[in-house]
Amino acid sequence: QVQLAESGGGWVEVGGTLRLSCVATEGTFSRRTIAWFRQAPGKERDFVAASFRSGSNLHYADSVKGRFTISRDNTKNTMYLQMNGLKPEDTAVYYCAADNSRLILSSLRVGERYDYWGQGTQVTVSS
């Protein structure tokens, strides 16, 4: 069992930066695929970024590539999402997720394949 807790969301102006954190208060991230998703008002949940198992294989949505960076510290059971160059369209609730070490690479962007979710943290980018 894994319990996840996000933090770091808030309000920022266009072009600003935020760093989201997600701590596993129970369980560990070791050997798990971890990811960030987001959901804007009235829209479906979208994939943002993922770190596959060991952490060296990183994947990003095209909309955030070059601006966002996912990372993890397995010794602290913490994952991060560094967000630079924020745009109004990045406004959403951001969720961290982790799997049960069974997710395959081709399903990495599919939210339904993840087993554990945080409660979400709001990110608002103001123009």
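We use all heavy atoms of the structure for the numbers below, so side chains are in, but hydrogens, waters and symmetry mates are not.
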Q: Answer yes or no: is there a side-chain heavy-atom contact under 4.5 Å between Phe29 and Lys76?
A: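 Not touching, per the 4.5 Å side-chain cut-off.
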Q: Using 4.0 Å as the upper bound for N to carboxylate O, is an ion pair formed by Lys87 and Asp90?
A: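 No, no charged N to carboxylate O under 4.0 Å.
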Q: Could you grab the distance from atom OG of Ser101 to atom CZ of Arg32, nearest 0.5 Å is fine?
A: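 Result: 5.0 Å between the selected atoms.
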Q: How many angstroms lie between CZ in Arg53 and OG in Ser30, if you round to the nearest 0.5 Å?
A: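 Spacing of CZ (Arg53) from OG (Ser30) equals 12.0 Å.
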Q: Can you tell if the side chain of Met79 reaches within under 4.5 Å of the side chain of Ser51, non-hydrogen atoms only?
A: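 The answer is no, as the side chains (C-beta and beyond) never meet within the 4.5 Å cut-off.
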Q: Measure the OG1-CG distance between Thr33 and Leu105 for me, rounded to the nearest 0.5 Å.
A: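 If I round to the nearest 0.5 Å, the distance is 8.0 Å.
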Q: Would you call the rings of Phe68 and Tyr94 parallel, tilted or perpendicular, taking 30° and 60° as the class edges?
A: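 Tilted: the ring planes of Phe68 and Tyr94 meet at 30° to 60°.
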Q: Quick one: does Pro88's side chain get under 4.5 Å of Val14's, heavy atoms only?
A: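 Of all side-chain heavy-atom pairs linking Val14 with Pro88, at least one is under 4.5 Å.
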Q: Test side chain to side chain contact (heavy atoms under 4.5 Å, CB included) on Tyr80 and Asp73; report intermediate values, then the result.
A: CA-CA 8 Å; Tyr80 306 96; Asp73 185 338; 4.3 Å; yes
Q: For side chain to side chain contact (heavy atoms under 4.5 Å, CB included), just list the numbers for Asn74 and Thr28, CA-CA rounded to whole Å, side-chain angles, deciding distance to a tenth of an Å, and then say yes or no.
A: CA-CA 7 Å; Asn74 287 337; Thr28 71; over 6 Å; no
Q: Could you check whether Arg45 pairs with Glu112 (Lys NZ or Arg NE/NH1/NH2 to Asp/Glu carboxylate O, under 4.0 Å)?
A: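 Looking at Arg45 and Glu112, the cut-off is met.
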Q: For the hydrophobic clusters of this structure (ILVMFWY residues joined by side-chain heavy atoms under 4.5 Å, transitively), does one cluster hold both Val93 and Leu86?
A: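 They do not share one cluster, since no chain of ILVMFWY contacts under 4.5 Å joins Val93 to Leu86.
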Q: Checking Leu20 against Val123 for the side chain to side chain contact (heavy atoms under 4.5 Å, CB included) test, could you report, in this order, the C-alpha distance in whole Å, the side-chain angles of both residues, the deciding distance, and whether it holds?
A: CA-CA 9 Å; Leu20 305 183; Val123 171; 4.0 Å; yes
Q: Check the angle between the aromatic planes of Phe37 and Phe47 and answer parallel, tilted or perpendicular using the 30° and 60° thresholds.
A: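 Perpendicular: the ring planes of Phe37 and Phe47 meet at over 60°.
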Q: Mind checking the CZ-CZ spacing from Arg102 to Arg31? Nearest 0.5 Å is all I need.
A: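 It comes to 13.5 Å.
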Q: Please determine which of Thr124, Thr17, Leu18 meets the side chain to side chain contact (heavy atoms under 4.5 Å, CB included) test together with Val12.
A: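 The passing option is Leu18.
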Q: Indicate the atoms forming the closest heavy-atom contact of Ala40 with Ala92, along with that distance.
A: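 For Ala40 versus Ala92, the nearest heavy atoms are N-CB, 3.8 Å.
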Q: Decide whether Ile34 and Tyr114 are clustered together by the hydrophobic rule: side chain heavy atoms of Ile, Leu, Val, Met, Phe, Trp, Tyr closer than 4.5 Å, transitively.
A: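 No, because Ile34 and Tyr114 fall into different hydrophobic clusters, even though each may have its own neighbours under 4.5 Å.
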Q: Please find the pair of heavy atoms, one from Ala35 and one from Ile70, that lie closest to each other, and give the distance.
A: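 Of all heavy-atom pairs spanning Ala35 and Ile70, the closest is CA-CD1, 4.3 Å.
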Q: With rounding to the nearest 0.5 angstrom, report the CD to CD distance, Gln119 to Glu6.
A: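 That separation rounds to 4.5 Å.
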Q: Transitively linked via ILVMFWY side-chain contacts under 4.5 Å: Tyr60 with Val110?
A: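 Different clusters: Tyr60 never reaches Val110 through Ile, Leu, Val, Met, Phe, Trp or Tyr contacts under 4.5 Å.
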Q: Check this for me: Glu44, atom CD, are more than 12 non-hydrogen atoms of other residues, nucleotides or ligands nearer than 6.0 Å?
A: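 Counting other residues, nucleotides and ligands, CD of Glu44 stays at 12 neighbours or fewer.
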Q: Is there a path of hydrophobic side-chain contacts, each under 4.5 Å between heavy atoms, that joins Tyr95 and Trp36?
A: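 No.
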Q: With the 4.5 Å side-chain cut-off for hydrophobic clustering, are Val125 and Val64 part of the same group?
A: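 Same cluster: Val125 reaches Val64 through Ile, Leu, Val, Met, Phe, Trp or Tyr contacts under 4.5 Å.
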Q: Measure the spacing between CD of Gln122 and CD of Gln39 and express it to the nearest 0.5 Å.
A: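 Interatomic distance, Gln122 CD to Gln39 CD, rounded to 0.5 Å: 11.0 Å.
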Q: Identify the heavy atoms of Val2 and Ala24 that sit nearest to each other, and give their distance.
A: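 Heavy atoms only, the tightest pair is CG1-CB, 4.2 Å.
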Q: Apply the test side chain to side chain contact (heavy atoms under 4.5 Å, CB included) to residues Arg38 and Ser63: give CA-CA distance (whole Å), side-chain angles for both, the deciding distance (0.1 Å), then the verdict.
A: CA-CA 12 Å; Arg38 66 186 181 186; Ser63 59; 3.5 Å; yes
